[in-house]
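Down below is the structure, laid out as structure tokens.
Chain letters run A, B, ... following the sequence lines, proteins first, then strands; residues in each count from 1.
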Amino acid sequence: MEYNFREIEKKWQKYWDENKTFKAEVNKSKPKYYVLDMFPYPSGAGLHVGHPLGYIASDIYSRYKRLKGFNVLHPMGYDAFGLPAEQYAIQTGQHPAITTDNNIKRYREQLNKIGFSYDWDREVRTCDPEYYKWTQWAFIQMFKHYYDNVTERAEPIEKLIKRFEQQGSKSLNAVFTEELEFTAEEWNGYNEAKKQEILLNYRIAYLADTMVNWCPALGTVLANDEVKDGLSERGGHPVEQKIMKQWSLRVSAYANRLLEGLNDIEWSESLTEMQKNWIGKSEGAEVYFKTVDGGVDILIFTTRADTMFGATFMVLAPESHYVPLVTSVDQQDEVEAYLEATKKRTERERMAETGKITGVFTGSYAINPFTGKEIPIWISDYVLAGYGTGAIMAVPAHDSRDYAFAKHFDLPIVSIIKGSDVSKESYDAKEGKMVNSGFLDGMDVKQAIPAAIEEVEKMQIGNRKVNFRLRDAIFGRQRYWGEPFPIYYKDGTAYPLEDKDLPLELPEVDKYLPTEDGQPPLGRAENWKTKDGYPIELSTMPGFAGSSAYYIRYMDPRNNTELVSKEANEYWRDVDLYIGGTEHATGHLIYSRFWNKFLYDLGIVCEKEPFKKLVNQGMIQGRSNYVYRINGTNKFISLNLKDKHETTELHVDVNVVNNDMLDIEAFKKWRPEFNDAEFILEDGKYICGWGIEKMSKRYYNVVNPDDIAEKYGADTLRMYEMFLGPLEMSKPWDTNGIDGVHKFLRKFWRLFHDEQNNFAISEEKANNDELKVLHKTIKKVQEDIERFSFNTSVSAFMICVNELNDLKCNKREILEPLTILLTSFAPHITEEIWHLCGNTESITYAEFPKCEEKYLVESTFEYPVSFNGKMRFKIKLPMDIDAKTAEQQVLDHEMAQKWIDGKTPKKVIFVPKKIINIVI
RNA sequence: GCCCAGGUGGCGGAAUUGGUAGACGCGCUGGACUUAAAAUCCAGUGACCAUUUUGGUUGUGCGGGUUCAAGUCCCGCCCUGGGUACCA
């Protein structure tokens with residue numbers, strides 16, 4: 001039999017499906033292992049060869065863990081709500097559910113061809129009401145809880161109500177939108193609407209007037225991570241800042257826990273770093289600056305309290321609530337003009353014009369609490385309203401932004417760090433000795449920071465304070481294709497639906513556009529009301545809602561009474577290995593961790609962190625091919641001859657190119673205008689140029705996994721994707737090398753077959769050489785899989801098969817374990833061989849072979865001998881030789897004598913199993 | 001600007017703890033088989049020099065350093081990719 005991969009792959013894919021080979025069930029007698037891929041958004045374009053990279057890696061690891069005796073949970077599903085399906089719906093009128101369903105079918109077909117070991121019975125889709133019921137449920141729970149800073153967890157809102165009834169807002173330490181003060185009597189006197197309004201200020205899911213990223217082109221608000229460089233991540237439309245009443249999640253309440261949690265998980269350095277930056281913890285102090293007229297004290301935040309002696313002015317954000325309080329009558333007009341001007345600038349313009357210095361003087365002065373001097377108060381948009389207190393003390397000598405501002409408006413600059421020259425630029429480094437700084441003089445900056453904060457506290461003008469950059473997540477979207485909010489309004493006040501009314505299903509609408517009066521698309525739904533006739537919220541949830549807890553739902557996907565049963569959760573607990581791209585670093589991976597921590601507070605899940613280990617697969621870029629047309633003709637010239645002519649470089653479909661050689665007939669057929677093209681060849685071939693670009697239709701460099709699987713087989717595809725390079729690195733797809741891997745699989749197949757291609761393995765006992773090859777490979781492959789170095793394991797397999805080939809080994813004792821070893825990489829061919837070997841159960845249930853070190857022990861080692869660090873010759877010595885004997889033997893060696901040449905060696909360095917170096 | 005990752009043959013990439021740099025694969029060259037092609041197999045393949053052979057010099061982005069020994073460690077710089085951007 002030839003290696004007929006098409007037949008073999010079809011046969012076993014069917015077998016696995018019919019026998020539910022990869023079905024996972026709670027089994028307390030076995031240790032669990034949960035391997036998860038970031039589930040895909042099923043786009044209309046289908047999968048290209050880059051998408052399955054991570055899935056293949058996780059599949060290899062899942063299969064490996066099964067062989068190692070783990071009960072593996074390896075599910076797959078679809079992140080199915082989202083913009084593209086909706087936009088397609090707007091254009092064509094086709095319901096997004098239909099588009100999504102078609103795309104999912106196509107994805108499933110493509111995934112099936114690669115031979116993944118998913119338990120498809122656990123598939124979830126975020127747009128399925130049975131699924132989003134639990135997204136809505138979690139939202140209601142967030143609505144019903146607030147974050148208590150004392151217990152450091154989410155607490156039921158009833159607890160807060162009780163507290164208000166007894167002591168009002170006094171000494172409450174909870175996370176809020178706005179600081180409120182009221183007594184118990186006041187609270188008890190409030191009407192229902194007022195009470196609800198106050199509670200909304202504390203709820204974890206809350207409705208408030210917030211500065212949002214409004215995208216007019218998409219007609220919706222966006223979260224911070226959905227905006228890149230002032231443009232929407234999807235579609236690249238301009239985004240502006242706007243105050244709107246919006247639903248938000250109080251993610252910021254969890255900032256500290258999200259930061260601390262990073263210490264307990266094994267994520268890549270770069271990813272943890274990204275999250276740390278996004279959370280942006282900074283430690284410093286809040287300090288009150290008195291104004292000269294005494295009307296108001298301005299609270300500022302600083303991380304450099306040590307530089308307070310150098311604070312020569314203050315700056316307020318244009319939106320700061322201090323602005324009207326400190327603006328003098330004389331300056332009123334100027335200030336208003338400035339505020340008007342800044343309001344008009346979009347976020348985009350502000351970004352493009354960073355460095356452009358604008359500002360206005362308020363007319364008021366504050367008193368620097370350390371120097372006692374009067375300092376002017378300015379307004380400028382380089383101070384952000386949303387961070388810290390929206391007001392700063394400016395230390396131009398030691399902050400580059402303050403410096404630029406001071407230079408521009410000619411404000412005083414006072415250096416307070418010894419030796420810093422601030423005539424040209426500020427000195428921002430946190431090092432040096434303090435001068436001109438009263439009681440801080442002579443201290444090092446590192447001592448001065450805490451000393452200054454201590455003084456601030458002693459003077460009772462401020463406190464130590466930690467600030468975070470992380471903002472709350474804006475949760476409402478003015479769109480159709482998302483989860484409806486389980487919220488209704490009674491007299492304008494928001495109330496959650498009862499659990500029994502979930503799921504609240506997405507209604508039908510006539511068009512997927514906003515209503516004529518600017519309401520979201522759900523405003524078109526007929527009878528979008530509760531049974532009692534109260535109107536239901538018109539926004540829907542954002543994309544990250546459905547993806548925030550899907551890993552929990554996989555544990556118990558068909559449970560319709562709970563998000564997850566206690567039993568399932570306590571068994572599967574958390575994701576042991578999560579594989580996906582870095583693009584989710586500041587979106588999904590923050591929201592998911594937040595969501596998990598919230599559910600942890602409620603006792604629904606038992607682990608504090610959802611994803612124990614996370615591996616980022618790199619992007620696969622496209623490798624484009626070019627042809628060169630001589631200008632003004634339909635003549636194409638081969639790459640190395642083109643310099644003699646004026647040519648135009650054109651993209652050519654990579655599918656009509658083989659090893660950079662153009663298939664001229666296929667090229668002519670590719671496009672009608674090339675029908676009668678002529679070619680200038682080199683050595684009888686047309687050689688194309690190439691370059692690395694994004695894999696995209698418009699570069700004609702998209703390679704489809706189905707085509708590769710059809711031509712070479714899924715096993716070849718899987719192994720080649722791994723062989724391309726390290727998993728985490730970005731690399732270009734280049735079909736050119738794939739023959740090598742395919743050749744390997746044919747060689748592997750041939751090990752089991754005789755000259756006539758009949759299956760033939762020998763029952764003879766293996767000899768030492770053969771055992772050595774096997775056990776060496778077991779060791780190497782196991783180590784490589786454990787450290788996710790799949791490219792080197794593929795190499796190890798190639799070496800192994802080549803060596804067995806040289807040994808003409810066809811013994812069961814060697815080949816059967818090798819088959820098990822290879823099965824996670826190439827499941828189809830190994831399953832076939834496993835059965836040809838006489839096994840009746842799937843190879844999935846085999847046991848990973850153990851490496852027996854005894855076969856690897858060498859009795860001698862060939863030492864490289866170097867003189868002054870340069871390699872000269874090799875000498876074979878016993879493994880267990882001691883240093884003295886080894887040295888003597890080497891020095892007596894004829895070659896060594898030649899190099900020593902009568903001199904006395906100064907030193908002999910003997911490193912067991914490594915090297916011998918003689919210094920002369 | 002700041003933070004992170006990376007830079008090794010014609011190409012993708014190995015080198016896990018400082019110890020024979022270039023594993024494995026592609027491509028290329030030559031050979032075997034064949035009427036021929038494909039497939040398969042064998043040999044060679046960093047550069048330079050020398051040669052009948054043994055060989056020598058050089059070589060991991062650039063410039064220094066530590067060491068018997070540096071792709072790997074230290075200092076300074078350049079380039080590429082990713083993140084972030086007035087975060088006080």
Open item on the list: For the C1' atoms, the ones on B/G59 and on B/G22, what distance do you get once it is rounded to whole angstrom?
Closed with: 11 Å
Open item on the list: In whole Å, measure the gap between the C1' atoms of B/A38 and B/G44 for me.
Closed with: 23 Å
Task: Centroid-centroid distance, A/His398 to A/Tyr403, less than 6.0 Å - done: no
- [ ] Please confirm whether any donor atom in the side chain of A/Lys780 sits under 3.5 Å from an acceptor in the base of B/U16, or the reverse.
- [x] yes
- [ ] Rounded to whole angstrom, note down the C1' distance from B/G81 over to B/U67.
- [x] 33 Å
Task: Pair assignment for B/U16, Watson-Crick or G-U wobble, requiring both distances under 3.5 Å - done: none
Open item on the list: My understanding is that a pair needs two contacts under 3.5 Å, Watson-Crick or G-U wobble. By that rule, which nucleotide pairs with B/C41?
Closed with: B/G31
- [ ] Return the nucleotide paired to B/A47: Watson-Crick means purine N1 to pyrimidine N3 with N6-O4 or O6-N4, wobble means G-U with N1-O2 and O6-N3, both under 3.5 Å.
- [x] B/U57
Task: Ring centre gap for A/Trp733 and A/Tyr720 strictly below 6.0 Å - done: yes
- [ ] For B/C68 and B/C79, measure between their P atoms and round to the nearest Å.
- [x] 35 Å
TODO: May I ask you to evaluate whether A/Arg469 reaches the phosphate of B/C86, defined as a side-chain N or O under 4.0 Å from OP1 or OP2?
DONE: no
Task: Sugar-phosphate only, base, or nothing, as touched by A/Pro726 at under 4.0 Å among non-hydrogen atoms - done: sugar-phosphate
